[in-house]
Chemist: 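Right, I'll just put the structure down here and ask away after.
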Amino acid sequence: MDISRRSFIKWVIAGAASASPFGCAPSNKGGNKLPEAALGSESNKVCHDVRDGLMRSGFPPPSRNVDVVVVGGGPSGLAAAERCFGSDFLLLEKEPHMGGNAWSETWEGLDYCTGSAWMSFDIPEVRALFKRWKLDLPMIKGNDSAHWDGKWIKDFWHKDPDWPAYGQLPYPKSVQDDFRRFLRETAKLDRVKDAEKLDAMTFADLFSGYDGRVKQYWDYFGPSNWGAQTQDTSALVGLTAVHEWTPSERHTFEGGLGMVTRKVFASFPEDQKKRFVLGAAVFAVRRAGKRVNVSFMKDGKAETVSAKSVVMCVPKFIVKHLLDDLPEAQSAAMAKMRYAPYLVYNFCFDKVVWNLNYDNWAIGARHFTDFIPADYATHADGGT
Ligand SMILES: Cc1cc2nc3c(=O)[nH]c(=O)nc-3n(C[C@H](O)[C@H](O)[C@H](O)COP(=O)(O)OP(=O)(O)OC[C@H]3O[C@@H](n4cnc5c(N)ncnc54)[C@H](O)[C@@H]3O)c2cc1C
């Protein structure tokens, strides 16, 4: 194992459990001195004012016409804007940087993620996209580990019901068997033919007849992944996670997926980058005849841009406050899809503190926790 020979590898553990608005990073060298912690956060003031009904008036008339406005500069906003290159588009992002929840920071030359950690290339379109971007993310060996009541299980996550890790669960054999039975029986459901039917059911519906701890596992897992517990998740979405997310090849850069958005944005042509506006928090998206008015705050001033079409690339629970004419049921459903606001901690160490798996889930912790050693991809025995 190469890492044991490395005397001074800096590791980062990102408690990357959710869509946290915070990032916490040491900001100086340490030595005998304790490093200072830097507390960072998204700027949510405008979004909160919208939510609290404080931004219902004061929409200025459009000062500019464009063909397309993209709202949000996370991965989906960047991808949408890239499709608009060469046309008259504008991307509005409320933060002072692009990347959204896939964003990396750097400390003393070490890149670490403040959110999104790894991805798989199982979907051909994703593979093609990365090929086009000429981004070759190293592969991480191993699956995710999981932690129950003081016990870590390496390479836990696997769709094979006979996977030995299920026998290590700190539960009676009958419960371990229920974990396996759930995998075996749900594998028989046809996610293509019955897609519509499954989408109309809740994920929670699938757990009757199994020990409650099987459902509990997915109730802990869902909020940090797609943003909801089993009762607020479609059975189709849940089943896709159970059977298609594992086992998959995990790929990442040291520093996580924020390095992808960083590299992709850096590669954009300079004349197109001028169309990306930072620090522009959208507070209303309203129809105006056949066009759409997008109002945003920038440098303390409200502005409006008129567009032929708008692409909303922000989380659903924010979108529902920005659009003025959503059906009530849709608005209520969108409000339920949200990440719990956990903190994300980033620590830098001058020695190896963890070498089990790249992604490590603490199941059932009071505050759901996920440990990510940032440079595992390049230095640990899991790296290739
Ligand atoms: C902690 C964490 C860990 C994750 N781990 C993984 C992982 O390992 N692998 C993986 O594949 N995915 C992971 N994800 C999910 C992944 O990060 C998201 O799927 C991805 O970031 C979604 O991209 P997006 O562009 O749709 O939204 P976001 O990344 O949320 O971007 C939305 C953007 O919109 C901006 N915005 C919001 N409101 C406004 C407004 N009113 N006006 C203007 N701009 C606005 C935000 O500032 C943000 O930049 C993780 C997410 C989190 C939070």
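When a ligand or atom number is given, it counts from 1 through the structure's own listing order. Model, not experiment: these values are computed from the prediction.
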Chemist: Using distance alone, with no hydrogens and no angle criterion, decide if Asn357 and Asn143 have a side-chain donor and acceptor under 3.5 Å apart.
Modeler: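 On atom types as modelled, these side chains do not qualify, holding no pair under 3.5 Å.
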Chemist: Can you name the closest pair of heavy atoms from Glu254 and Met259 and give their distance?
Modeler: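 Heavy atoms only, the tightest pair is O-CG, 3.5 Å.
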Chemist: Can you name the atoms of ligand 1, numbered from 1 with element, that are less than 4.0 Å from a heavy atom of Glu95?
Modeler: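 By the 4.0 Å cutoff, the relevant atoms are 47 (O).
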Chemist: For Ile318, take its heavy atoms, then give the atoms of ligand 1 lying under 4.0 Å from any of them.
Modeler: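 Counting from 1, the qualifying ligand atoms are 37 (C), 38 (N).
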Chemist: Quick test of your reading of the structure: of Asp370, Asn101, Val319, Val285, whose heavy atom lies closest to atom 21 (O) of ligand 1?
Modeler: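 Looking at heavy atoms only, the winner is Asn101.
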Chemist: May I ask you to check if ligand 1 and Thr114 share an N or O to N or O distance below 3.5 Å?
Modeler: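 No; every N/O pair is 3.5 Å or more apart.
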Chemist: Between Trp361 and Asp144, is the side chain to side chain donor-acceptor pair (under 3.5 Å) condition met? List the steps.
Modeler: CA-CA 7 Å; Trp361 303 83; Asp144 300 351; 2.9 Å; yes
Chemist: Does NZ or CZ of Arg250 come closer than 6.0 Å to the centre of the six-membered ring of Tyr358, within 45° of the ring's axis?
Modeler: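 Not flagged: Arg250 not positioned over aromatic ring of Tyr358.
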Chemist: Please list, in number order, the atoms of ligand 1 under 4.0 Å from a heavy atom of Ser76.
Modeler: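 Under 4.0 Å from Ser76, ligand 1 has these atoms: 24 (P), 25 (O), 26 (O).
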Chemist: Ignoring hydrogens, just give me the one of Glu93, Glu42, Met119 whose non-hydrogen atom is nearest atom 49 (O) of ligand 1.
Modeler: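 Ranked by closest heavy atom to atom 49 (O) of ligand 1, first place is Glu93.
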Chemist: Can you check side chain to side chain contact (heavy atoms under 4.5 Å, CB included) on Thr186 and His243, steps first, answer last?
Modeler: CA-CA 9 Å; Thr186 54; His243 293 285; 2.8 Å; yes
Chemist: If hydrogens are left out, which of Ser116, Ser43, Gly279 has an atom nearest to atom 5 (N) of ligand 1, that is, the closest non-hydrogen atom?
Modeler: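 Result: the heavy atom closest to atom 5 (N) of ligand 1 is in Ser116.
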Chemist: Do Lys273's NZ or CZ and the ring of Phe265 fall within the cation-pi criteria of under 6.0 Å and 45°?
Modeler: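 Yes, a cation-pi geometry holds between Lys273 and Phe265.
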Chemist: Relative to the heavy atoms of Gly100, which atoms of ligand 1 are at a distance of less than 4.0 Å?
Modeler: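 In order of number, 29 (O), 31 (O), 48 (C), 49 (O).
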Chemist: Within a distance under 4.0 Å of any heavy atom of Leu92, pick out the atoms of ligand 1 and give their elements.
Modeler: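 In order of number, 43 (C), 44 (N).
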Chemist: Could you tell me if any non-hydrogen atom of Ala79 lies under 4.0 Å from any atom of ligand 1?
Modeler: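 Checking ligand 1 against Ala79, which is what was asked, there is no heavy-atom contact under 4.0 Å.
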Chemist: Going by heavy-atom distance to atom 7 (C) of ligand 1, choose the closest among Pro75, Ala280, Ala117.
Modeler: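 The residue whose heavy atom sits nearest atom 7 (C) of ligand 1 is Ala117.
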Chemist: Could you check, using the six-membered ring where one of them is a Trp, whether Trp118 and Tyr376 have ring centers closer than 6.0 angstrom?
Modeler: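 That pair fails the under 6.0 Å test.
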